[in-house]
Peer 1: 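Before we start, here is the structure in question, set down as structure tokens.
Note on naming: letters A, B, ... go to the chains in the order of the sequence lines (proteins, then strands), and numbering restarts at 1 for each one. Note that the structure is predicted; figures quoted are calculated from it, not measured.
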2 protein chains.
Amino acid sequence: MQSGKPARERILDAAHELMLTVGLSRATTKEIAKGAGCSEAALYKHFASKEELFIRVLTERLPRLAPLLSSLTAEPGRGTLEENLTEIAREAALFYEQSFPIAASLYAETQLKRRHDEAMREMGTGPHLPIEGLDAYLRAEQAAGRVRADADTFAAASLLLGACAQRAFAYDAAVLPEAEPFAARLARTLLAALR
Amino acid sequence: MQSGKPARERILDAAHELMLTVGLSRATTKEIAKGAGCSEAALYKHFASKEELFIRVLTERLPRLAPLLSSLTAEPGRGTLEENLTEIAREAALFYEQSFPIAASLYAETQLKRRHDEAMREMGTGPHLPIEGLDAYLRAEQAAGRVRADADTFAAASLLLGACAQRAFAYDAAVLPEAEPFAARLARTLLAALR
DNA sequence: CGAAGGTGGGTGAGTGCTCACTCACCCTGT
DNA sequence: ACAGGGTGAGTGAGCACTCACCCACCTTCG
């Protein structure tokens with residue numbers, strides 16, 4: 001129908017949108033086709049099945065957190081530790097806010113979840129990766145002497161990212177804490193434990 | 001069929017079991033009836049609809065975290081702070097491990113999620129409540145002088161419970177960290193920030 | 001006492017609907 | 001001419017839910 005975008009992109013967009021609004025199990029082929037401005041049959045010219053379409057949405061539309069973490073790990077000592085932790089927490093909070101509702105839907109379809117877990121394993125990614133990435137960054141700062149030698153970097157990483165993730169599901173949209181001040185408070189509190 | 005339990009209980013058990021194993025959207029009336037050892041029609045003698053059945057499973061079968069927190073708040077100063085934080089973290093980790101997969105399923109059915117949110121609001125409960133409860137406990141300890149006067153108790157509560165919640169979804173069952181040592185590491189790390 | 005009748009928990013056999021998916025065919029650019 | 005992206009009209013399967021009926025057990029009362 002409208003728009004210059006190729007149909008494949010419009011289909012992914014429509015599926016993504018529906019997963020967020022009405023939920024995975026009401027994101028039917030009919031609704032996706034309507035949202036994308038094409039027929040149901042057209043979906044099957046681009047994707048082998050509805051399951052494959054969802055896998056594509058998950059792998060092509062969800063943002064990544066890893067790049068920020070690995071860039072920081074690469075040069076520990078840049079910026080202050082508090083600035084860096086705050087930025088990580090802010091990015092993580094926004095990341096989980098976006099991806100959590102979709103990822104959570106997978107628990108309703110364990111078969112789809114298994115396929116997705118497998119796809120993630122093959123791509124060398126997964127939900128535990130940010131924790132490991134932050135752990136690695138903290139160990140780099142530890143080696144640089146900016147984090148106490150006896151600090152438990154894995155526990156610290158679990159605390160910070162856990163709080164950011166939980167923010168995405170513990171609150172109604174109406175009372176969701178603002179990402180920036182929330183991140184700053186977490187970072188400041190955690191910092192007291194690290195040095 | 002078998003068992004002395006009344007049918008209503010057997011139906012709730014079967015629905016609960018299926019939600020955990022095959023996921024909400026494959027937990028069909030037919031499968032639930034089979035699991036409970038009765039006919040599909042019997043389900044409707046006990047519950048008005050499948051949606052109401054799931055609401056009942058969620059409100060009657062999910063464990064509660066609040067009692068532990070409020071009992072600790074009632075008498076701050078009992079036990080050491082580290083022991084108490086460790087116990088809270090351990091209980092929280094087990095709580096989220098049990099309830100997370102089911103609660104997450106709701107994101108696939110936003111209509112069901114809305115009904116559940118509403119039911120929780122009426123019961124005065126919700127996912128943000130443990131955070132508030134732990135915050136209250138920490139403030140009580142602060143008043144008793146066992147937590148630094150300038151500590152951010154809300155941020156600390158978010159960190160500890162967030163890490164416990166994230167443990168439930170960031171890891172495959174195969175590599176899920178043991179609750180007890182995980183809790184101890186979190187508590188020890190957070191403690192360094194609190195005093 | 002014993003039949004009449006109400007009641008709560010149960011069933012087998014549907015019913016209508018929605019779903020993912022397919023098929024025969026079409027249009028347009030190269 | 002034909003390949004690739006598109007379509008309207010299905011199709012069978014599976015779904016939540018209903019219906020007419022059953023039966024064991026209790027009251028109630030002639």
Peer 1: Is A:T28 touching bases, backbone alone, or none of the nucleic acid, heavy atoms closer than 4.0 Å?
Peer 2: sugar-phosphate
Peer 1: Pick the nucleotide of DNA chain D nearest each of B:K45 and B:A48; which residue has the one closer to the 5' end?
Peer 2: B:A48
Peer 1: State whether a side-chain donor-acceptor pair under 3.5 Å links B:Y137 with B:Q142.
Peer 2: no
Peer 1: Between A:I11 (CD1) and C:dC21 (C1'), how many Å, whole number?
Peer 2: 14 Å
Peer 1: Which whole-number value in Å describes the distance from B:K34 NZ to D:dA16 P?
Peer 2: 14 Å
Peer 1: Any donor-acceptor pair under 3.5 Å linking the side chain of B:E52 with the backbone of B:S49?
Peer 2: no
Peer 1: If you compare every side-chain N and O of B:H46 against the phosphate oxygens of C:dG10 (OP1, OP2), does one of them come in below 4.0 Å?
Peer 2: yes
Peer 1: Distance check needed: C:dT11 P versus B:K30 NZ, whole Å only.
Peer 2: 15 Å
Peer 1: A:Y171 vs B:H128 aromatic rings, parallel, tilted or perpendicular, using cut-offs 30° and 60°?
Peer 2: tilted
Peer 1: Once you round it to whole Å, what is the distance between C1' of D:dG14 and CD of B:E40?
Peer 2: 11 Å
Peer 1: Is any side-chain N or O of B:S39 closer than 4.0 Å to OP1 or OP2 of C:dG10?
Peer 2: no
Peer 1: What is the separation between atom OH on B:Y44 and atom P on D:dA16, rounded to the nearest whole Å?
Peer 2: 6 Å
Peer 1: Let me know the distance between NZ of A:K50 and P of C:dT22, rounded to the nearest Å.
Peer 2: 14 Å
Peer 1: Find the distance B:E31:CD to D:dC17:P and express it as a whole number of Å.
Peer 2: 16 Å
Peer 1: Do any N or O atoms from the side chain of B:T153 and from the backbone of B:L138 form a donor-acceptor pair under 3.5 angstrom?
Peer 2: no
Peer 1: Rounded to whole Å, how long is the line connecting atom CD of A:E51 with atom P of C:dC19?
Peer 2: 18 Å
Peer 1: Quick check for you: among D:dT7, C:dC21, C:dT11, whose closest atom lies nearest to any side-chain atom of A:S49?
Peer 2: C:dC21
